[in-house]
Amino acid sequence: MAIVLHQFEFSHFNDKARWALDFKAVPHERVSYLPGPHRPAIQRLSGQMQTPVLELDGEPIAGSAAIIDRLEERFPDPALYPEDGAEREQALALQTEMDQTLGPAARTVVFSALVNEGAYMTSMFARGKPAAKRALYRAAFPLARGMIARGNGVDDPANVAVCFQTTREWLDRLTTLRSPAGYLVGDRFSVADLTAAALLAPLAEVGHVDMRRPRPIPESVTEVLNRFAGHPTLDWVREIYARHRPERSARL
Ligand SMILES: N[C@@H](CCC(=O)N[C@@H](CS)C(=O)NCC(=O)O)C(=O)O
C-alpha cells in the first residue's frame, strides 16, 4: 500500500516529516496542497485541517511528531530516537516544547514579511503546479490575505513582537544545549536536532531542495532574515542539514 505525504511545499513542520521519511529512506509519494484551499481535502482525509498528514498502512496520521513516532516504529533503522531511555525522554520533551513554541514563533516571524508578498508566496507554495492554478492562487491572494495573516499570527503587532523574542530566545538557548559533539541530546543526531533544525530552516537559508526558497528573495523578507543573520545557531542549522538531511528518498 502506497505511503503518501500530504504536505505544503517549504513548510517547516512539513520538513520534519519529509526529513524523517528521507532519513529512513522510506519510498513515498508527496501530494502538495495550496495553503487555504487545502482545508476541505485535509479535513476529509484526517479530521483536522493542518499538514503534514501521512497515509501509512491505509491510516492517516496527522502532525509531524505523530508521523515521526509511527515511522520510528515501522522503520526503526536508522533511529531518530536515542537508545537510552532518559535521553529519549529528553529528546521527545524538547521536540514537544519546540513544536509548541519555536515552530509557531518562527513561522510568524517569516510570515510577518511574506504576507505582503503575494507573488512570492505563490511562487513558493504553488511550486510545480500548472500555470493556470498558480495564476488563480495569485489572483485570489488579496482575498485570502486576511485569513493567512490571522492563521499565522501576524495580524496582531504585539504577537509578532513576542514571536521575534521567542525565536531569539530559542536561538540562544540552543547554543547552550549543544553538547561538545554538536548535538542537543547525547552524542548523536536525534529527533531533537531534526526538530530544531527544521523549525529554524526558514531563517537559516539551508541549501536543501525542499527548503531552498525561490530567488530573488523580496527585500522585506531579507530584512526579517537579517535580524537573525550571523547567529551561531543558524550556522549549526545549516551544518545539521548538510550532514544529516539526505536528498529525497525514492518516489513511488
Ligand atoms: N503541530 C503540528 C503543526 C502543523 C502546522 O502548524 N501546520 C501548518 C503548516 S506549517 C498548517 O497546516 N496550517 C494550515 C491551517 O492551519 O489551516 C505539527 O507538528 O505538524
Side-chain angles (χ1 to χ4, degrees), residues 4-23 28 30-56 59-72 80-81 91-115 121-122 124-127 137 140-141 143-156 159-160 163 166-167 170 190-204 206 208 210-211 213 221 224:
V4 185
L5 181 68
H6 299 264
Q7 63 159 7
F8 290 166
E9 297 280 340
F10 293 100
S11 148
H12 59 350
F13 278 114
N14 281 272
D15 213 48
K16 284 185 63 195
R18 289 189 289 260
W19 192 337
L21 284 159
D22 290 341
F23 187 75
H28 62 284
R30 291 182 187 174
V31 180
S32 295
Y33 295 78
L34 295 173
H38 76 286
R39 286 189 168 177
I42 294 295
Q43 175 77 46
R44 263 197 311 278
L45 175 70
S46 64
Q48 56 86 57
M49 286 199 284
Q50 293 191 318
T51 61
V53 175
L54 185 72
E55 272 184 280
L56 180 62
E59 191 196 331
I61 305 152
S64 59
I67 289 170
I68 291 174
D69 198 58
R70 183 65 68 85
L71 289 173
E72 191 71 3
L80 280 167
Y81 290 176
L92 289 173
L94 258 177
Q95 174 183 227
T96 302
E97 197 184 344
M98 289 189 280
D99 282 353
Q100 287 170 355
T101 58
L102 173 61
R107 182 172 52 203
T108 296
V109 161
V110 175
F111 269 85
S112 67
L114 271 186
V115 77
M121 259 195 73
T122 304
M124 284 175 69
F125 292 109
R127 172 165 79 168
Y137 193 60
F141 188 81
L143 299 173
R145 188 192 171 284
M147 192 184 78
I148 293 170
R150 271 192 307 283
N152 291 287
V154 306
D155 55 336
D156 171 9
N159 181 55
V160 174
C163 289
T166 302
T167 302
W170 268 108
S190 77
V191 66
D193 305 292
L194 180 156
T195 300
L199 296 184
L200 284 166
L203 296 174
V206 294
H208 194 276
D210 286 338
M211 292 303 276
R213 289 195 184 89
V221 177
V224 164

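Atoms within a ligand are numbered from 1 in the order they appear, just like the ligands themselves.
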Using 4.0 Å as the upper bound for N to carboxylate O, is an ion pair formed by Asp156 and Arg150?
no
Please name the pair of heavy atoms, one in Ala20 and one in Leu194, separated by the smallest distance, quoted to 0.1 Å.
N-CD1, 4.1 Å
Heavy-atom nearest neighbour in the protein, as seen from atom 20 (O) of ligand 1, with distance rounded to 0.1 Å
Ser64 N, 2.8 Å
Among Glu9, Arg127, His6, which residue meets the side-chain contact (heavy atoms from CB on, under 4.5 Å) test with Ser32?
Glu9
Determine, step by step, whether His38 and Leu34 satisfy the side chain to side chain contact (heavy atoms under 4.5 Å, CB included) criterion, reporting the C-alpha distance in whole Å, the side-chain angles of both residues, the deciding distance to 0.1 Å, and the verdict.
CA-CA 6 Å; His38 76 286; Leu34 295 173; over 6 Å; no
With heavy-atom distances below 4.0 Å as the criterion, list the atoms of ligand 1 near Arg39.
15 (C), 17 (O)
So which heavy atom in the protein is nearest atom 13 (N) of ligand 1, and how far is it from that ligand atom?
Phe8 CE1, 4.0 Å
With a distance cut-off below 6.0 Å to the six-membered ring centre and an angular limit of 45° from the axis, does Arg213 pair with Phe10 as a cation-pi contact?
no
Atom 4 (C) of ligand 1: closest protein heavy atom, distance to 0.1 Å, is Thr51 O, 3.3 Å
Contact atoms of ligand 1, heavy-atom distance to Pro52 under 4.0 Å:
20 (O)
Subset of ligand 1 atoms that lie under 4.0 Å from at least one heavy atom of Gly63
18 (C), 20 (O)
Going by heavy-atom distance to atom 3 (C) of ligand 1, choose the closest among Gln50, Gln95, Gln100.
Gln50
If the threshold is 4.0 Å, N to carboxylate O, is there a salt bridge linking Asp210 and Arg30?
yes
Could you report the tightest heavy-atom contact between Pro104 and Met98, atom names first, then the distance?
CD-O, 4.4 Å
Quick one: does Arg107 get within less than 4.0 Å of ligand 1, heavy atoms only?
yes
Quick note on ligand 1: atoms under 4.0 Å from a heavy atom of Met49 include exactly 15 (C), 17 (O)
Distance to 0.1 Å, residue and atom name: give those for the protein heavy atom nearest to atom 1 (N) of ligand 1.
Phe13 CE2, 4.3 Å
Atoms of ligand 1 less than 4.0 Å from Ser11 heavy atoms?
9 (C), 10 (S)
Please identify which atoms of ligand 1 are closer than 4.0 Å to at least one heavy atom of His38.
14 (C), 15 (C), 17 (O)
Rounded to the nearest 0.5 Å, what's the gap from CG on Asn14 to CZ on Phe8? Could you check?
7.0 Å
